[in-house]
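In what follows, a single structure is set out as structure tokens and then discussed.
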Number of protein chains: 2
Amino acid sequence: MPTLKHTPKPTGHFSESLARGLSVIQAFDRDAPMLRIADVAKRTGLDRAAARRFLLTLLDLGYVGRSDDLFYLRPRTLDIGFSYLASLDLDRVIQPFLNELTEATRETSSFGIADGFDVGLLARSANNRMLNVSVALGSRVPAYSASLGRVLLAGLSPEQFKHYLEALPTGSVAPEALDRDALRASVEQTRSCGWVTVEPGPGRGFRSIAVPIRDGSGAVVAGVNVLEYPPRNSAPTMVRKYLPLLRNAATQIEAAMRLAQHSVATWNTATHDTAPPSG
Amino acid sequence: MPTLKHTPKPTGHFSESLARGLSVIQAFDRDAPMLRIADVAKRTGLDRAAARRFLLTLLDLGYVGRSDDLFYLRPRTLDIGFSYLASLDLDRVIQPFLNELTEATRETSSFGIADGFDVGLLARSANNRMLNVSVALGSRVPAYSASLGRVLLAGLSPEQFKHYLEALPTGSVAPEALDRDALRASVEQTRSCGWVTVEPGPGRGFRSIAVPIRDGSGAVVAGVNVLEYPPRNSAPTMVRKYLPLLRNAATQIEAAMRLAQHSVATWNTATHDTAPPSG
DNA sequence: ATTTATTTGTGCGATAATCGCACGATTATA
DNA sequence: TATAATCGTGCGATTATCGCACAAATAAAT
């Protein structure tokens with residue numbers, strides 16, 4: 001996604017340089033892991049000289065490396081994002097409960113939060129039958145397609161969900177053969193039930209069930225699911241066998257999150273904000 | 001780690017603002033997930049007004065949130081580090097081979113790179129017997145203590161390794177009851193053998209074996225290991241049963257990495273740089 | 001070999017972004 | 001009530017940043 005335009009910032013208290021520098025990091029991509037100065041300039045919309053300054057800065061800080069004219073990200077870049085993961089203390093607060101869940105169900109369980117239009121997978125306890133369907137930790141899946149996404153969407157207020165639907169790129173839902181009306185219906189049902197199952201379909205060989213995780217105020221801030229691959233139980237069976245375990249795990253996680261110093265606020269932001277910068 | 005002092009940058013081509021802004025992100029921490037402006041100012045050594053500007057910038061960009069006076073990192077922060085993971089294309093280049101390895105050994109296998117004094121775990125294929133010993137992806141383990149770390153240390157030049165030992169905080173090695181001489185011996189043996197096993201011991205209930213992964217120039221850029229928890233085979237048995245599989249996987253990964261567009265450079269930086277800024 | 005089109009590196013003046021003090025308002029603590 | 005922190009903000013001074021323009025190096029095309 002080249003040429004990110006910076007919307008004029010409302011307040012004068014804004015550091016252009018920081019924003020531009022961060023955009024330089026994100027100019028790197030699976031499809032463009034190595035870039036020259038000019039490439040970065042094009043992708044970010046920065047002047048070539050500016051792009052160069054930021055690259056040299058990041059080089060100096062150890063976030064990027066260079067080989068001749070090509071720049072690339074270095075592992076240290078992970079430190080930035082991992083400040084967030086560390087602040088969540090996943091190992092202590094979440095992982096143990098996922099492990100219990102997986103042990104009890106003998107299936108793979110995951111923990112995710114809402115992040116824009118996607119679900120961010122933050123923790124997982126894997127069942128080894130599922131080796132071939134690996135989804136890397138930290139990756140995003142579209143919120144509308146996954147069971148985790150459904151429970152998160154169901155946690156939105158009607159207005160927020162309306163915003164979500166409106167802002168959702170029109171083409172996005174099509175590939176799953178799931179139109180907006182069906183999605184709306186599914187989300188509404190999820191809201192009233194407190195859980196949701198997602199059926200296998202074209203391009204998705206698994207069946208999964210998810211429940212929301214709420215903070216002290218009752219707002220949905222995350223979700224847990226159990227995933228069968230290949231699906232071995234019918235949806236009703238999954239509900240019968242796994243829902244109690246899921247609910248139990250969710251309750252425990254909620255308690256653990258409340259005990260953690262920063263329960264409410266940190267997680268509470270997991271709501272879909274329809275506007276990255278403004279609008 | 002408060003008050004990171006900025007070494008005066010050699011070149012004039014350096015963006016203070018970017019460096020300072022990044023330091024603001026990293027002011028957040030497992031032990032300090034929520035900070036007030038003044039806290040951030042203290043931890044970064046910035047003026048309060050400056051810290052505030054950066055925080056507001058990050059807030060506007062969606063990287064941090066705030067609840068009253070407290071700021072905290074938001075999931076979007078992961079985007080930054082994940083630019084790096086995406087650029088590695090782990091799912092495609094590494095994960096399949098780990099999965100094969102785990103399938104063949106029925107044990108857990110991991111892939112890691114050197115990152116400063118630590119090993120960064122970037123990919124894993126888990127065996128479900130190992131559920132309770134979960135180490136979150138992306139976490140660091142000290143290079144001296146893990147089998148992955150040993151093969152990476154063994155890839156350093158004698159001078160680099162000397163630097164590593166010198167720069168290693170003196171207290172670090174003690175808890176593992178492994179003194180510098182023993183570490184040096186182990187690393188030297190690893191270098192000549194091309195593999196290493198690490199025995200279970202106090203604070204470590206598993207036995208593991210690792211081999212290095214080299215780039216086109218022969219430099220060690222990463223490592224793969226297989227880990228038994230609880231240990232079921234003796235070390236010699238592990239070598240006999242797993243070493244061929246590990247070597248095979250390493251060879252395949254090396255080939256895949258060479259095929260990937262950016263094989264050499266991106267990985268090549270995984271060498272231990274003893275000096276974060278300078279010295 | 002000679003052009004043509006892209007690169008990168010660098011200097012420099014003009015500009016605008018950043019700095020950081022200092023003030024008043026607000027809230028917690030003694 | 002007094003004391004100590006905190007935040008928010010304005011503003012002048014500074015300086016970091018911008019981005020053009022040029023030279024040099026490289027690669028591709030003629």
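Bear in mind the structure is a predicted one, so any value in this text is a computation, not a measurement. Throughout, protein chains are lettered first and strands after them, A, B, ... in sequence-line order, and every chain is numbered starting at 1.
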Rounded to the Å, how far apart are [X] [atom1] and [N] [atom2]?
X     : N      : atom1 : atom2 : result
B/E16 : D/dT17 : CD    : C1'   : 11 Å
B/D47 : D/dA13 : CG    : P     : 18 Å
A/L59 : C/dG9  : CG    : P     : 11 Å
B/L18 : D/dC18 : CG    : C1'   : 15 Å
A/L70 : C/dT7  : CG    : C1'   : 12 Å
B/L46 : D/dA16 : CG    : C1'   : 15 Å
B/F14 : C/dT10 : CZ    : P     : 17 Å

Check each of B/L70, B/D69, B/L55 against B/I37 using the side-chain contact (heavy atoms from CB on, under 4.5 Å) test, and report the only one that passes. B/L55
Who are the side-chain hydrogen bond (donor to acceptor under 3.5 Å, both in side chains) partners of A/E159, not counting sequence neighbours? A/S157
With B/T57, which residues qualify under side-chain hydrogen bond (donor to acceptor under 3.5 Å, both in side chains), at least two apart? none
Any side-chain heavy atom of [X] sitting closer than 4.5 Å to one from [Y]?
X      : Y      : answer
B/L148 : B/L121 : yes
A/R191 : A/V187 : yes
B/P33  : B/Y72  : no

By side-chain contact (heavy atoms from CB on, under 4.5 Å), A/A250 pairs with (sequence neighbours left out) A/V211, A/I213, A/V224
Estimated bend of the helix from C/dA1-D/dT30 to C/dA30-D/dT1 (axis per five terminal pairs, rounded to 10 degrees): 50°
Donor-acceptor check, side chain of A/S17 to backbone of B/L18, threshold 3.5 angstrom: yes or no? no
Output for pair (A/F54 CZ, A/L61 CG), nearest 0.5 Å, gives 12.0 Å
Could you tell me the separation between the OG atom of A/S15 and the CG atom of B/D60, rounded to the nearest 0.5 Å? 11.5 Å
Sort me out a list of protein N/O and nucleotides 25-27 of chain D N/O pairs below 3.5 Å, or just none if empty.
none

Output the single nucleotide from D/dC18, D/dT17, C/dG20 whose closest atom is nearest the side chain of B/S17. D/dT17
What one should report as the nearest heavy-atom pair of B/T44 and B/A27 is CG2-CB, 4.0 Å
Close N/O contacts between protein and nucleotides 4-8 of chain D (under 3.5 Å):
from  : atom 1 : to    : atom 2 : distance (Å)
D/dC7 : OP1    : B/I37 : N      : 2.8
D/dC7 : OP1    : B/A38 : N      : 3.4
D/dC7 : OP2    : B/A38 : N      : 3.2
D/dG8 : OP1    : B/R66 : NH2    : 3.3
D/dG8 : O6     : B/R48 : NH2    : 3.1

